[in-house]
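The block underneath contains the structure these notes are about, expressed in structure tokens.
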Amino acid sequence: MSKAMICSCEDVTVDDIRHAVSRGFCDVESVKRYTGFGTGICQGKSCSAAVAALLEKEKALKSAAVVPFTPRPPLYPTELRMMASAPVDESQPPVGGLPQEVDAFPAALRPEGPVPAKAKVVIIGGGIMGLALAYNLARAGETDVVVLERGYLCAGASGRNGGGVRMQWGTPSLVELAKRSIELMKGFARELGINVWLRQGGYIFLAKTKPVAQRLERNVSLHNRFGVPTRLITPDEARGIVPGLTMKDCLIASYNPEDGVIFPWPFLWGYAQGCQKRGVRVETYTDVTGFETSGGQVRKVKTTRGDIACDTVVLAAGAWSPQVAKLVDVKLPNEPHRHEILSTEPLKPFLGPLVSVLDSGLYFSQSMRGEIVGGMGDAKEPAGLNMGSTLRFVSRFAQALMEQLPEVGHVKVLRQWAGCYDVTPDNNPILGRTPGLDNLLQMSGFVGHGFMMAPAVAERMAKWMATGESDELFTRFNLRRYSDAAGHSRDFGTGTLEREDMVIG
């Protein structure tokens, strides 16, 4: 036993690190997420080397695999008002970002030994979608499942989002799914034994222009039909809910007090641990390199640790799904788009709901630790798997945040990072069977909201897979909607697809 402090910013002890290792979190990035070391005011400058040395001493990792965690700019905590003063050329697209590579994993982290030679179901992608599906399959009695993850748990979008969960959507399907997901989140700690810190402080959407205001008005009626208590509120009412909010240039707002925020990392761990307890294999640091097919079926999944013969494959790799699909000559319409985010130093709790300016894609909330966490869309962001952080983002965000909440100008930014939205042409997911490969199932294209939809989508997909009962979700959102009967691509401007219009960013 050792209570020796290893991270004074976050009160992480040597025993805390050892406990993380005992729970299977053995690499530096995973231990960081499990314990919180390195997320305080010094951003790991005083503790990262000590943690790496301890992991090597405890023989949790081979020497070649003990690498420091990814740095998160800025180098030193910097006030938002200083960040807001940096010039931004809105006519030019963002380029680059630091660090350049945040998803390159050392080969030394790869587990020793091969993957199972066969499994009934192979799920590609160990994010929230893949793990939630595996857990629900296991609950239904199907435990011969292998989940393949190319990095550590929480390496992708599931560990890089702001944790917002909301029922305010623009299409009936997503309103229903989100409502059910939040119901399931309420019982998550009881069922899976891990606290995801669900806080239903609500969401306030602000509209600056008439078209966006009309969208909110239309969607309030939709929400109410499904029993979601969204209501339109005036700027004065919004200021009453969030003191200090200027509502600058805002015409109207919508508010649902039952929306909220959860902590992303334990949400993922809960599903992963639930899978493992029920016999599902979760294989991290394992890349998919190809497929073996015959007779319109995928027969084997090829990986860096051997081949797995299988009956069914589910592609749930988020923004990486198009890359994986290419290995079997399937073209997906998804495009990855970087979405940047930041976190400030902790403050005394003052912000109940998550606030979003729908016109600009700005959003911000306060975490259970007191940090302001937020992001903002960028219309000039090019498609691509880029997870670097830019000064452009933090400057734009700081300007937009201070316009609505000027009192936070003195607050320091501790760290920023990025993840990838998995964008489809109609802002709706791709689910169901792949034409020409009947046992390759699609589960991607959630455009930044897969995190909040996962519980409900996985519940329905597991039932559909286990029972064979029809479910309109997997016909409504399957790949065939992107082509007509002759196989020609649809013109997405014709309005033939149901388009989701409540995507932030």
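This one's a predicted model, so the numbers in the text were calculated from it and none came from an experiment.
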What orientation do [X] and [Y] show, parallel under 30°, tilted 30 to 60°, or perpendicular over 60°?
X    : Y    : answer
H449 : W169 : tilted
F451 : F267 : perpendicular
W269 : Y34  : tilted
F205 : Y203 : tilted

Kindly give the heavy-atom pair with the smallest separation between [X] and [Y], and that separation in Å.
X    : Y    : result
A317 : V324 : CB-CG2, 4.5 Å
M387 : C420 : CG-SG, 3.9 Å
Q366 : L351 : OE1-N, 3.1 Å
G36  : V12  : C-CG2, 4.4 Å
L131 : G126 : CD1-O, 3.3 Å
I194 : G270 : CG2-CA, 3.5 Å

Query raised in the report: With respect to T171, which candidate in R499, E500, E176 satisfies the side-chain hydrogen bond (donor to acceptor under 3.5 Å, both in side chains) definition?
Result: E500
Greater than 12 external heavy atoms within 6.0 Å of [X]'s [atom1]:
X    : atom1 : answer
W197 : CH2   : no
F226 : CZ    : yes
K208 : NZ    : yes

Reported [atom1]-to-[atom2] distance for the pair [X] and [Y], which is rounded to 0.5 angstrom:
X    : Y    : atom1 : atom2 : answer
S254 : N219 : OG    : CG    : 8.0 Å
L315 : Q323 : CG    : CD    : 11.0 Å
S395 : Q399 : OG    : CD    : 4.0 Å
I504 : L354 : CD1   : CG    : 6.0 Å
R460 : R180 : CZ    : CZ    : 10.5 Å
E371 : R415 : CD    : CZ    : 5.0 Å

Do [X] and [Y] have side-chain heavy atoms sitting under 4.5 Å apart?
X    : Y    : answer
L401 : M376 : no
V228 : Q168 : no
L137 : V121 : yes
P455 : M185 : yes
M461 : F474 : yes
E79  : V411 : no
F393 : L342 : yes

May I ask you to check whether [X] and [Y] show a side-chain donor-acceptor distance below 3.5 Å?
X    : Y    : value
T39  : Q43  : no
E459 : Y135 : no
N428 : E498 : no
E10  : T35  : no
D16  : T13  : yes
S444 : N334 : yes
S30  : D27  : yes
R23  : Q273 : yes

Requested in this report: Kindly determine whether T234 and I252 satisfy side chain to side chain contact (heavy atoms under 4.5 Å, CB included), including the steps that lead there.
Outcome: CA-CA 5 Å; T234 65; I252 201 168; over 6 Å; no
Requested in this report: Show your working on side chain to side chain contact (heavy atoms under 4.5 Å, CB included) between K186 and L198 and close with a plain yes or no.
Outcome: CA-CA 7 Å; K186 290 179 182 178; L198 173 63; 3.8 Å; yes
Requested in this report: Start with the C-alpha distance between D259 and R199, add both sets of side-chain angles, then the distance that settles salt bridge (Lys or Arg N to Asp or Glu O under 4.0 Å), and finish with yes or no.
Outcome: CA-CA 8 Å; D259 293 334; R199 178 173 58 84; over 6 Å; no
Do NZ/NE/NH1/NH2 and the carboxylate oxygens of [X] and [Y] come within less than 4.0 Å?
X    : Y    : value
R215 : D359 : no
R392 : D89  : no
E142 : R278 : no
R396 : D378 : yes

Query - Full working for salt bridge (Lys or Arg N to Asp or Glu O under 4.0 Å) between K210 and E217 - result: CA-CA 10 Å; K210 190 172 181 180; E217 292 171 357; over 6 Å; no
Whether [X] side chain and [Y] backbone form a donor-acceptor pair below 3.5 Å:
X    : Y    : result
D236 : G240 : no
T344 : I372 : yes
R338 : G388 : yes
S158 : I128 : yes
S181 : A456 : yes

Report summary line: Partner of T246 under side chain to side chain contact (heavy atoms under 4.5 Å, CB included), picked from Q404, R239, M402, E407, is Q404
Requested in this report: Begin from the C-alpha positions of L216 and Y255 and carry the test side chain to side chain contact (heavy atoms under 4.5 Å, CB included) through to its verdict.
Outcome: CA-CA 10 Å; L216 293 183; Y255 174 55; over 6 Å; no
Query raised in the report: Ring centres of F477 and Y482 under 6.0 Å apart?
Result: no
Query raised in the report: Between Y421 and H339, does the ring centroid distance fall short of 6.0 Å?
Result: yes
Query raised in the report: K380 and E90: side chain to side chain contact (heavy atoms under 4.5 Å, CB included), yes or no, with the steps?
Result: CA-CA 8 Å; K380 293 289 186 177; E90 294 280 5; 5.6 Å; no
